[in-house]
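In what follows, every chain begins at residue 1, and chains take the letters A, B, ... in the order their sequences are listed. Note that the structure is predicted; figures quoted are calculated from it, not measured.
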2 protein chains.
Amino acid sequence: MASIRDVAQQAGVSPMTVSRVLNGGYPVKDSTRRRVLAAVKSLDYEPNLHGRGLRQARSRTVLVAGSGFVEPILDGIHKSAGELGYEVVLVHSPPQRADPAALSRRVRGGLAGGILFLNMIDEDAIRTLTALHPVVQCGSAADVPGTCTVTVDEERAAYELVERLVRQGRRRFAYVAMDLPGGPPSMTRRREQGIRRALAAQGLALEPERLVRMTHLRDDYAPALDLARRFAAMPEDVRPDAVVYDQNILAVACVNVLREAGLAVPGSVAVASMDDNPIDLVIQPTLTAVGRPYKAMGEEAMRMLVDRIENPEAPCRQVVFRHILEMRGSTDPA
Amino acid sequence: MASIRDVAQQAGVSPMTVSRVLNGGYPVKDSTRRRVLAAVKSLDYEPNLHGRGLRQARSRTVLVAGSGFVEPILDGIHKSAGELGYEVVLVHSPPQRADPAALSRRVRGGLAGGILFLNMIDEDAIRTLTALHPVVQCGSAADVPGTCTVTVDEERAAYELVERLVRQGRRRFAYVAMDLPGGPPSMTRRREQGIRRALAAQGLALEPERLVRMTHLRDDYAPALDLARRFAAMPEDVRPDAVVYDQNILAVACVNVLREAGLAVPGSVAVASMDDNPIDLVIQPTLTAVGRPYKAMGEEAMRMLVDRIENPEAPCRQVVFRHILEMRGSTDPA
DNA sequence: TTGAAAGCGCTAACAG
DNA sequence: CTGTTAGCGCTTTCAA
């Protein structure tokens, strides 16, 4: 593998000149530049990133940690990263076995300048790393004071969704809330709060038996199918007439199971998801969901992180985007 | 940020000793080791990975490139990587705008030792990079002679699926095949071949009007919904009685649309997917699909890649795993 | 506009 | 069991 000295030699210049040609920003005589570029090409030279990283002692790479890598968010992240001259590396960090130490090692080892958490619900990991490194959360946000976050207002989204459904005549609300070993994530708590407030405003309440806490399901969705079947089997005056889900796939399951059981959706039961997914548009009826301006959120989160890396003393910002209520067939009669 | 010399100084030893303590494999007096570790801890030292990488001129990191990062494959990859002492970074490479140059730059820049392609259908990118670097393909495999691949036998999977359906009495098969600007990927061609062979064996054929080529859909699934509606609207003697899909989400759409239109699934039409997804188990009826031993495939692919990196002269292996026909409600009456 | 020297942090090779 | 030397490839700094 050719090094910068090989290129320099072949071009008859010093390594410094090669460096200047490749990195730009310096005056180099045109004929020299051409000779250098020719040498680069003929030797198929590629700068060694360890050498560069070691010398510059700063990394133009960020880690994106999470598990469900939502395409449009990644698009936004890559867009900003490109504009700012940063590289993006994804690190698979599923909620229950995220490895904060490994992330930290990479940053402290100089391979990355900061961490962008994507829909990360492991709040301990976030807390730990936020104390050590430039960190931005995008999507779900742990309640860590003074953190940089890019979110939507989950409480308000839940409030507005429920308000709409109440106005459509729904009365017996169920909320299937995500639960984790350490208790529900703060995102879920905020949604629950929004639901309760919206109901209270109409003289209604979220009955305890209709608040279902369900572990974050990943492989086996049987508990969700069972729950939906139980809904279907309830006598009409007890059965919820509106069910709000944290996890999108569970809402999809619910729509399918209820219809299979002969219940009308949305006629007898309205189903909605606080999260959204392309699948929502292909099931029948289509699924009402809370959408987010993903691409813009990704772009903003990336800009924020770079800002934080290059300017660590500046105070953190919390950017809240407007959510989008996607009212669809599972709640609204055609 | 403390360097190895700070640690050495604090522990009253040479940097070399610190290095040996941290990297293991050398005899170090126990009392010395303890002093070093104490210094490491007190200074909160973390080795600089650029320094190490530069010196060792080899990277114990691999790139995993793809877009739909399937959880169990990643699990398998991480498992093998951990056992072999490798790090894994994911690089988001969506089919139509993968950036082979960026991948190559990382490898040639010394940041990674090889590339593991995950369900990558951009065959040009694969061809290019395979010629330059250690590469393993996992999942869909481009037809590049002499490549390392971990796959299932797509043709055989399609053959067996169709054979089963024919035996259940299906006659008018449709295949909704993935298409790309440069023509269908080889995976699709293999499946098509399997379907044709299976039909021919029973004196049937895949009629041209029932071979539907559909661009790889990502955001807007309207064409798939339209297609399903067209199926539903056909007179019974023309309508396919079995539809095989390349893209899982399109099959989900089909099941939902057909049922919405009042057609019985699987009574009137059987629907199956050559790909699988957790969603298949929650829709009703559940979706028949070709499953794969994902975790084992990920493990094997990672082992293969490391083997290739450390032993570039050895010939490539093509490992074929046994697929799993998951016959479910969308084809088999309960 | 170009070059020389120095050193980033680490470990291989050798010496003791 | 431990230390010394040297150098990986690059760019910062200083000099011309």
Side-chain angles (χ1 to χ4, degrees), chain A residues 1-40 43-61 85 87 105-113, chain B residues 1-40 43-61 85 87 105-113:
Chain A
M1 190 113 292
S3 88
I4 198 169
R5 293 168 52 165
D6 303 318
V7 177
Q9 197 168 1
Q10 165 129 359
V13 297
S14 77
M16 227 9 255
T17 302
V18 177
S19 175
R20 285 196 266 250
V21 167
L22 293 177
N23 292 296
Y26 296 88
V28 176
K29 212 205 300 181
D30 222 45
S31 64
T32 314
R33 153 172 292 113
R34 268 199 300 278
R35 284 215 315 289
V36 168
L37 291 175
V40 164
L43 291 173
D44 201 22
Y45 167 71
E46 185 73 37
N48 181 301
L49 298 169
H50 288 304
R52 180 177 287 176
L54 183 55
R55 182 63 245 221
Q56 305 197 134
R58 109 193 116 81
S59 168
R60 289 191 150 274
T61 297
E87 300 280 342
R105 203 177 325 122
R106 277 188 166 85
V107 177
R108 308 193 335 153
L111 288 191
Chain B
M1 191 113 292
S3 89
I4 198 170
R5 293 168 52 164
D6 304 319
V7 177
Q9 198 169 0
Q10 166 129 357
V13 297
S14 77
M16 224 14 250
T17 302
V18 177
S19 175
R20 285 195 266 249
V21 168
L22 293 176
N23 291 296
Y26 295 89
V28 177
K29 211 204 301 182
D30 222 46
S31 64
T32 314
R33 154 172 291 114
R34 268 198 301 277
R35 283 214 317 289
V36 168
L37 291 176
V40 165
L43 292 172
D44 200 24
Y45 168 71
E46 186 73 37
N48 180 301
L49 298 169
H50 288 304
R52 182 177 285 175
L54 183 55
R55 179 65 244 217
Q56 306 197 135
R58 106 194 118 81
S59 169
R60 290 191 147 272
T61 297
E87 301 279 341
R105 205 177 322 123
R106 277 189 166 85
V107 177
R108 308 189 339 152
L111 288 190

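In terms of heavy-atom proximity, A/Ala11 sits nearest to A/Val36 at CB-CA, 3.9 Å. Looking at every heavy atom in both residues, A/Arg33 comes nearest to A/Val28 through NH1-O, 3.6 Å. In plain terms, the two heavy atoms of A/Gly110 and B/His50 that are nearest each other are O-NE2, 3.0 Å. Closest heavy-atom contact between B/Arg106 and A/Leu49: CA-CD1, 4.4 Å. Here the closest heavy-atom approach between residue A/Gln10 and residue A/Ala39 is recorded as CG-CB, 3.6 Å.
Bracketed by its first and final contacts, the part of DNA chain C lying under 4.0 Å from non-hydrogen atoms of chain B reaches from C/dG9 to C/dA13 in 5' to 3' order.
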Discussion item. So if I define the base as every atom that isn't primed, P, OP1 or OP2, how would nucleotides 7-16 of chain D read as a B/S/- string at a heavy-atom cutoff under 4.0 Å?
Written reply: BBBBBB----

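B/Arg108 pairs by the side chain to side chain donor-acceptor pair (under 3.5 Å) definition with A/Asp44, A/Glu46, not counting sequence neighbours. When the side chain to side chain donor-acceptor pair (under 3.5 Å) test is applied to B/Arg34, the partners found at least two apart in sequence or on another chain are B/Asp30. With sequence neighbours left out, the side chain to side chain donor-acceptor pair (under 3.5 Å) criterion links B/Ser3 to no other residue.
Atom CD of A/Gln9 is surrounded by 12 or fewer heavy atoms from other residues, nucleotides or ligands within 6.0 Å.
Note on the helix from C/dT1-D/dA16 to C/dG16-D/dC1: terminal axis deviation equals 30°, with five pairs used at each end and the result rounded to 10°.
For the atom pair CD of B/Glu87 and CG of A/Leu111, the computed distance is 8.5 Å after rounding to the nearest 0.5 Å.
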